[in-house]
Every structure is written in C-alpha cells, then in structure tokens.
J.: 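What follows is a structure written as structure tokens; I'll ask about it next.
Please read all numbers here as calculations on a predicted model, not as lab measurements. Counting from 1, the numbers follow the sequence of the chain as shown.
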Amino acid sequence: MNFGEKLFSLRKEKGLSQEALAEQLNTSRQAVRKGENNQGYPETEKLLMLANLFEVSVDYLLKESPSDISSDGQGLYVSRELAAGYLLYSRQ
C-alpha cells in the first residue's frame, strides 16, 4: 500500500471528508486530494500532524510495505530537526 492509499484509508476510517481533514491540517482540500492521488507528499510538519491524528508512525505513512522496515534490531533514526518538530507538536 502506498502513501496515497494509506491516507485515503485512514481518512475514511476516521469518517473525515477531504475538506475536514484539510481544515485540521490547516491546508487545502486540493493538497489532501493530491496526497491521496500520489501527486505529492505533505511537508514534514503535516506528516507529523497526520501521524498524530491517525495514531500511526511516520514510517507507516511513508513506507510501501512492512518488509521495508529494518529487522536487524538497530532501530530507526530520525534527524534532530524532525524529532524536535515532533516533540514541539506533541506538547500542543
């Protein structure tokens, strides 16, 4: 399943219209439609908001399949900026 399919599925599970999701993300309905049609990805801040709203990881949103996840026990790493953005958003 790709990003657009996941976004569409998660949005439907929450019972949100494209417009309602766009309002929650402070973006346009067209931006949500483009994401669902795989015509682009949201910026990092919006990805974090989506992950938080749908209670999934950013990895889940962006990776094509579960087999892409590292199984070597090393863990997953993010940049300092991404982690800081997540922490800032989660405190709101």
Side-chain angles (χ1 to χ4, degrees):
M1 193 181 304
N2 61 40
F3 173 77
E5 293 167 335
K6 290 176 186 177
L7 181 58
F8 177 80
S9 176
L10 290 166
R11 179 177 63 78
K12 288 296 187 179
E13 285 176 20
K14 286 277 188 181
L16 297 171
S17 65
Q18 287 181 343
E19 190 169 320
L21 178 57
E23 285 179 21
Q24 290 192 19
L25 298 175
N26 195 29
T27 192
S28 68
R29 183 191 59 76
Q30 290 81 2
V32 172
R33 180 182 48 79
K34 283 183 177 182
E36 289 183 356
N37 291 327
N38 290 307
Q39 295 175 338
Y41 289 96
E43 55 199 35
T44 305
E45 177 185 343
K46 304 291 188 214
L47 279 172
L48 292 170
M49 292 170 75
L50 285 167
N52 192 34
L53 174 68
F54 295 128
E55 299 175 354
V56 297
S57 69
V58 173
D59 272 354
Y60 171 78
L61 290 173
L62 296 178
K63 289 190 175 181
E64 291 277 332
S65 69
S67 63
D68 294 339
I69 298 173
S70 173
S71 61
D72 60 5
Q74 297 270 336
L76 301 172
Y77 298 92
V78 297
S79 69
R80 183 175 298 183
E81 293 82 14
L82 182 61
Y86 173 78
L87 291 173
L88 179 66
Y89 178 76
S90 67
R91 290 183 190 150
Q92 294 179 354

J.: Quick check: closest heavy atoms across Thr27 and Val32, and the distance to 0.1 Å?
T.: CG2-CG2, 4.3 Å

J.: Tell me the closest heavy-atom pair linking Arg29 and Ala22, and the distance in Å.
T.: N-CB, 3.6 Å

J.: Holding to side chain to side chain contact (heavy atoms under 4.5 Å, CB included), I want the full list of residues that pass it with Glu55, two or more places apart in sequence or in another chain.
T.: none

J.: Between atom CD of Glu5 and atom CD of Glu64, what is the distance when rounded to the nearest 0.5 Å?
T.: 8.0 Å

J.: Can you find a heavy atom in the side chain of Asn37 that is under 4.5 Å from one in the side chain of Lys34?
T.: no

J.: Over all heavy atoms of both residues, which pair between Gln18 and Glu36 is shortest? Give the atoms and the distance, please.
T.: NE2-OE1, 2.8 Å

J.: Taking atom CG of Asn2 and atom NZ of Lys63, what is their separation to the nearest 0.5 Å?
T.: 15.5 Å

J.: Show the nearest heavy-atom pair for residues Ser57 and Ala51, with the distance to one decimal.
T.: C-CB, 4.1 Å

J.: Using 0.5 Å steps for rounding, measure from the CG atom of Leu50 to the CG atom of Leu10.
T.: 8.5 Å

J.: Side-chain contact, heavy-atom cut-off 4.5 Å: Leu16 with Leu53?
T.: yes

J.: Would Lys6 and Tyr60 count as a cation-pi pair here, with the cationic atom under 6.0 angstrom from the ring centre and within 45° of the axis?
T.: yes

J.: Work out which heavy atom in Phe3 is nearest to a heavy atom in Pro42; give both atom names and the distance.
T.: CZ-CD, 3.5 Å

J.: How long is the span from the CD atom in Glu23 to the OG atom in Ser17, to the nearest 0.5 Å?
T.: 7.5 Å

J.: With side-chain contact (heavy atoms from CB on, under 4.5 Å) as the criterion, how do Leu21 and Leu25 come out once you've worked through the C-alpha distance, each side chain's angles and the decisive distance to 0.1 Å?
T.: CA-CA 6 Å; Leu21 178 57; Leu25 298 175; 3.9 Å; yes

J.: Would you find more than 12 non-hydrogen atoms of other residues, nucleotides or ligands less than 6.0 Å from Gln39 atom CD?
T.: yes

J.: Which pairs with one or both residues in residues 4-31 pass ring-ring contact (aromatic ring centres under 6.0 Å, His included), sequence neighbours excluded?
T.: none

J.: Are Leu47 and Leu62 packed together at the side-chain level, in the sense that at least one heavy-atom pair is separated by less than 4.5 angstrom?
T.: yes

